[in-house]
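Take a look at the structure below.
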Amino acid sequence: MNDRRSAWLLIAPALLLVGVVYFLPLARVLAISVMEPEPGLGNYALLFTSAPIQRVLLTTLRICVFTTSITLVLAYVVAYVLTHARPTAQRLMMLGVLLPLWMSVLVRAFAWVTLLRRQGLVNNALIGMGAIDEPLALMWNEIGVTIGMVHYMLPLGILPLWAAMRDIDGRVLAASRGLGASATQTFVRVFLPLSLPGVIGAGLLVFIFSLGFFITPAILGGGKTIMVAEYINVQIHESLRWGVGTMIASTLVATIFALMFALSRLVDLRTLFGAK
Amino acid sequence: MNPTRLTRSVGWAVICFLVLPITIVFPVSLTDKRYLSLPEEGISFKHYVNLFGSAEWLGSIGQSLYIGVVATAISVTAGTLCAIGCWRLSSRAGEAVRAMMLVPIVVPTIVYALGIYRFWVDLRLLDTYTGVILVHAVTGIPYVVVTVSTALAGFDARLEQAARNLGASAFQTLRRVVLPGILPGVVSGAIFAFIHSWDELVIVLFIASRAVFTLPRRIWDGINEHLDPTMAAVATIMIALTAVLLVLDLRMRRRKEG
Amino acid sequence: MIKLQTFAEDFAEIRALGRRGVLGGAAALGLAGASGAARAQAPKEVVLCNFGGDAVKAMTEAFVVPYEKKTGGKMVIDGSGPSNGKIKTMVMAKNVTWDVADSGLGGTGELGPAGLLEEIDYSVVDKNKVLSGFAYKYGVCNYMFSTVMAWDTAKVKEKPTLADFFDFKKYPGKRLMRKDSQAMYELALMADGVPKDQLYPLDVPRALKKIAAIKKDLLFWGTGAESQSMLRDGEVVMGWLWNTRATLLQRDTKGKVTFSFDGGLLQPGLWVVPKGNPAGKQVWVAIASMQEPEGQVKLLAALGNGPANPAAAPLVPAELKPLDPASPDNVKVQAKIDGEWYEKNYARTRQEFLDMIAS
């Protein structure tokens with residue numbers, strides 16, 4: 001009993017801060033979704049009747065799924081190499097992971113523009129090498145948005161995966177090999193399952209983070225790849241359809257909780273986030 | 001269990017992909033044009049001169065550092081304690097708290113910005129350091145909760161039990177046993193929280209006007225105007241500083257070990 | 001790593017510097033010497049909000065300095081960007097911090113009908129100092145700008161017509177539009193053959209159809225700087241953008257990208273006053289002061305925004321005349337936007353445009 005009380009004491013400061021400074025003001029805003037333009041669920045009906053809103057949500061979902069899958073695979077490889085690298089190589093890799101974090105998301109987006117546009121460095125290099133005749137459309141579409149987003153998300157995926165892999169007991173793996181399992185078997189049967197909590201944690205983090213992504217799609221999408229955050233932004237800043245904007249935001253929050261719930265049925269969330 | 005050569009190449013290729021935009025930022029910062037571009041007729045240091053000669057840019061960097069450091073301290077403290085608390089609870093309630101802590105990441109920032117604006121009006125915190133720091137601290141907590149929770153997932157709970165059984169107080173156990181065990185998680189949480197504050201634009205555009213002018217706002221101002229390359233100079237310096245710190249750290253470790 | 005002590009000191013120093021800078025500026029304007037008693041009687045401070053960047057400095061020289069000299073009052077510029085959403089938030093929270101905001105028909109069209117703006121007081125603000133048709137109930141024109149066609153002379157050898165914008169056989173390559181319906185509908189309709197004096201009421205479905213047909217070859221710009229870089233970097237061959245940005249492009253590319261007012265749309269930049277503004281009636285004095293032609297010509301020289309006051313025309317230097325969207329020669333070849341139509345229809349038709357892009 002005492003243990004439970006002390007646990008809640010540890011939680012209290014964060015809960016208080018987030019509750020008062022985050023949820024209170026947020027709740028007041030989300031309430032707008034059933035208040036404006038008139039009280040009722042009219043805004044939510046748009047989810048089923050408005051083709052543009054459905055289209056925006058689908059585009060967002062598609063880009064987020066691609067981004068999360070690509071990020072997870074690449075981040076897993078990096079974290080794996082990182083875990084097994086010698087200290088010097090490890091430091092160097094860490095440098096590569098951490099350095100991009102110091103570039104403002106705005107600067108990064110424009111760096112990608114310089115690299116990927118029609119007459120950008122990548123296309124010019126490829127044409128120079130004779131690999132292609134016509135410049136590839138790498139920018140101002142979903143490809144460009146995905147490249148930019150994967151780049152942003154990679155450190156977010158690598159760091160938790162690495163933290164999870166570091167803690168895998170090397171002796172377990174050695175035992176597996178010692179008992180005659182091949183390297184592949186050991187990886188698939190022992191290492192992968194042990195790293196799974198990290199994978200799910202990182203995947204969830206990357207996915208929900210991508211859902212609300214705003215600046216990168218706005219700059220790299222050529223104005224046409226409209227993701228949900230940008231749509232909401234326009235509703236709030238320009239067209240003043242606050243009811244619609246907050247309705248979509250509420251829907252996102254509900255989606256995330258549904259996702260967490262579904263995950264908790266598939267895997268034990270307790271193994272996912274701490275505890276046993 | 002060493003990675004094969006192919007795996008290792010892919011890993012390093014990803015690292016190259018990560019640093020690719022950095023390699024472009026340095027030449028862009030030396031452009032002779034007044035907009036973001038590669039140097040055309042020659043290189044120029046005018047954007048560095050502009051950066052160091054302008055009280056506005058330096059002021060913004062100072063403000064962002066100050067806000068970022070204080071906000072991170074709050075996020076890390078509250079977030080780490082919260083993650084440990086949830087881990088100890090290991091119950092539905094703990095999971096619910098953790099799920100709740102994720103909400104600030106998923107809700108589009110603009111929506112929250114609208115709400116906090118109304119709130120800060122009531123509390124007279126608009127355009128103040130306290131207002132911005134509190135907001136950045138609170139929205140930084142989720143990163144810490146996630147990374148620390150992930151680290152805790154790999155932490156052997158029996159170690160904590162053992163320490164308690166050997167007579168350590170709860171506080172001693174936390175400081176001497178749990179925290180060192182999850183330090184990588186705490187550190188990466190702190191990094192994320194700081195970067196979050198350092199890079200945050202959408203809320204600041206809403207709740208700050210004349211007194212608080214953070215670095216992202218300054219960059220945004222320059223982008224709207226003419227894609228001001230000064231932001232490339234800022235990025236170059238930040239990257240160089242980070243690289244130097246990391247290399248120094250590497251050297252010190254070597255000396256200790258050698 | 002970072003020594004916090006030293007940093008805190010530096011930080012205090014930086015803040016002090018900032019404050020000194022402000023005071024120094026005030027001294028230069030001859031204000032610092034004002035006695036306490038005089039200051040107490042001075043009119044309320046007027047806060048002008050614009051979109052930042054070069055406009056802060058330009059408007060300070062064009063508007064703030066003359067206003068302060070003339071009235072002894074104080075005017076400050078907040079460059080944090082007066083979006084409709086922010087104005088609505090302020091008014092609804094009853095904590096308005098801006099007196100006058102740099103807006104347009106997008107502001108009056110969305111905010112005016114919602115009751116979030118003060119009606120312009122034309123007993124103080126002079127309607128005669130505004131080009132006819134650009135003084136509205138909720139906003140008064142302060143400068144003119146145009147949406148014009150700009151093109152890349154490397155790929156488009158002859159001066160293109162609006163119809164060429166839609167002709168991909170003649171000129172292959174991407175086209176550029178604004179991510180907003182204002183002026184895009186008008187230019188599309190003119191390209192489709194509607195005469196420039198018969199545009200209103202706009203045939204929105206026809207314009208939408210025309211634009212949607214080439215959507216896959218369109219890029220959309222959000223900020224003025226973005227529109228410049230798309231043309232400068234050769235991402236598009238033609239684009240519809242603000243004359244202010246087109247002028248800069250022409251200068252930056254040494255004429256490789258050029259533009260014409262032919263077939264453009266003349267639009268007003270409007271001052272709007274959020275409901276319950278802090279300086280009260282003093283704001284009308286400030287707006288009236290900004291109607292003086294001298295300041296407006298300064299703004300033209302600095303930013304390329306045309307004077308709204310017709311009396312400014314003789315003051316415009318010869319070399320600036322071809323670049324002035326409001327000069328009689330340029331007005332002749334352009335269509336004029338209809339503010340009344342926008343007040344009634346903007347909110348709805350803009351959303352239709354955005355939905356067309358999104359779907």
Side-chain angles (χ1 to χ4, degrees), chain A residues 6-7 10-11 13-14 17-18 21-22 25-26 28-29 74 77-78 80-81 84 91 93 95-97 99-108 110-112 114-115 154 159-160 163-164 167 173 197-198 201 205 208-209 211-212 229 232-233 236 246 249 252-253 256 260 269-270 273-275, chain B residues 1-3 7-8 10-11 14-15 18-19 21-22 24-25 36 78-79 81-82 84-85 87-90 95 97-99 103-108 110-112 114-116 119 134 138 141 146-147 149-154 170 184-185 188 195 199 216 219 223 231 235 238-239 242 246 250:
Chain A
S6 73
L10 292 175
I11 295 173
L17 267 174
V18 175
V21 182
Y22 195 89
L26 184 72
R28 280 166 82 186
V29 174
L74 298 183
V77 175
V78 174
Y80 189 78
V81 175
H84 295 92
R91 291 261 128 192
M93 278 190 119
L95 194 71
V97 174
L99 277 189
L101 291 174
W102 293 100
M103 286 170 79
S104 144
V105 60
L106 292 163
V107 180
R108 275 200 247 183
F110 283 101
W112 283 116
T114 314
L115 284 160
L154 270 171
L159 292 177
D167 294 327
L173 306 176
L205 183 66
I208 60 181
F209 203 96
L211 277 179
I232 295 175
N233 204 43
I236 285 175
T246 52
L252 271 187
V253 177
I256 260 332
M260 301 274 301
L269 269 187
R270 263 179 274 182
F273 266 130
Chain B
M1 273 312 286
N2 276 326
T7 316
R8 226 174 296 143
V10 174
V14 175
I15 297 291
L18 274 170
V19 293
I22 295 178
I24 198 83
V25 163
L36 272 189
L81 293 180
C82 173
I84 296 174
W87 174 71
R88 285 217 186 128
L89 275 180
S90 66
E95 282 162 42
V97 171
R98 266 191 299 246
V103 174
I105 300 187
V106 67
V107 177
I110 178 71
V111 177
Y112 171 62
L114 198 63
I116 197 68
F119 200 41
L134 269 175
V138 163
I141 289 176
V146 169
T147 53
S149 291
T150 316
L152 280 166
S188 56
I195 302 267
D199 215 12
I219 294 177
I223 283 180
M231 67 171 164
M238 284 311 302
I239 290 162
T242 319
L246 289 177
L250 177 66

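Here the structure is a predicted model, which means the values were calculated and not measured. Every chain is numbered from 1, with letters handed out A, B, ... down the list of sequences.
For chain A, the nearby parts of Pro104(B) are the backbone and the side chain; heavy atoms of each come within less than 4.5 Å. Interface remark: Val81(A) contributes backbone and side-chain atoms alike to the contact with chain B (heavy atom separation under 4.5 Å). Interface residue Leu99(A): backbone and side-chain heavy atoms are both found under 4.5 Å from chain B. Interface remark: Ile236(A) contributes side-chain atoms only to the contact with chain B (heavy atom separation under 4.5 Å). With a 4.5 Å cut-off on non-hydrogen atoms, Thr147(B) does not touch chain A at all. If you measure heavy-atom distances from Val10(B) to chain A, the contacts under 4.5 Å come from both the backbone and the side chain. With a 4.5 angstrom heavy-atom cutoff, Thr114(A) touches chain B only via side-chain atoms. Interface residue Val25(B): only side-chain heavy atoms are found under 4.5 Å from chain A. With a 4.5 angstrom heavy-atom cutoff, Leu114(B) touches chain A via backbone and side-chain atoms both. Heavy atoms of Leu17(A) lying under 4.5 Å from chain B belong to its backbone as well as its side chain.
The CG atom of Leu10(A) lies 6.5 Å from the CD1 atom of Ile84(B); values are rounded to the nearest 0.5 Å.
Contacts of Pro100(A) classified as side-chain contact (heavy atoms from CB on, under 4.5 Å), with partners at least two apart in sequence or in another chain: Arg108(A), His151(A), Leu18(B), Ile22(B). Residues forming a ring-ring contact (aromatic ring centres under 6.0 Å, His included) with Tyr112(B) (at least two apart in sequence, or on another chain): Tyr22(A).
Most heavy-atom pairs under 4.5 Å with chain B: of the set Leu26(A), Leu106(A), Ile232(A), Val253(A), this distinction falls to Leu106(A). Chosen from Leu36(B), Val19(B), Ile239(B), Leu134(B), the residue pairing most often with chain A at heavy-atom distances under 4.5 Å is Ile239(B). Contact tally against chain B (heavy-atom pairs below 4.5 Å) for Val18(A), Leu211(A), Thr246(A), Val97(A): the top residue is Val18(A). For chain A, the option among Gly185(B), Ala99(B), Ser188(B) with the highest count of heavy-atom pairs below 4.5 Å is Ala99(B). In terms of heavy-atom pairs under 4.5 angstrom with chain B, the leader among Leu252(A), Val21(A), Leu159(A) is Val21(A).
Of all the heavy atoms in Val107(A) and Ala235(B), the pair that sits closest is CG1-CB, 4.0 Å. Contact between Arg98(B) and Ser149(B) at its shortest, heavy atoms only, is CD-OG, 3.4 Å. Counting all heavy atoms, side chain and backbone alike, Gly11(B) lies closest to Val78(A) at O-CG2, 3.8 Å.
Annotation: side chain of Val97(B) is not in contact with side chain of Leu89(B) (no heavy-atom distance under 4.5 Å). Between Tyr80(A) and Val77(A), every side-chain heavy-atom pair lies at or beyond the 4.5 Å cut-off.
Within the 3.5 Å criterion, the main-chain N or O of Pro3(B) finds a donor-acceptor partner in the side chain of Arg8(B). In this structure, the side chain of Ser104(A) does not engage the main chain of Asp199(B) through any donor-acceptor pair within 3.5 Å.
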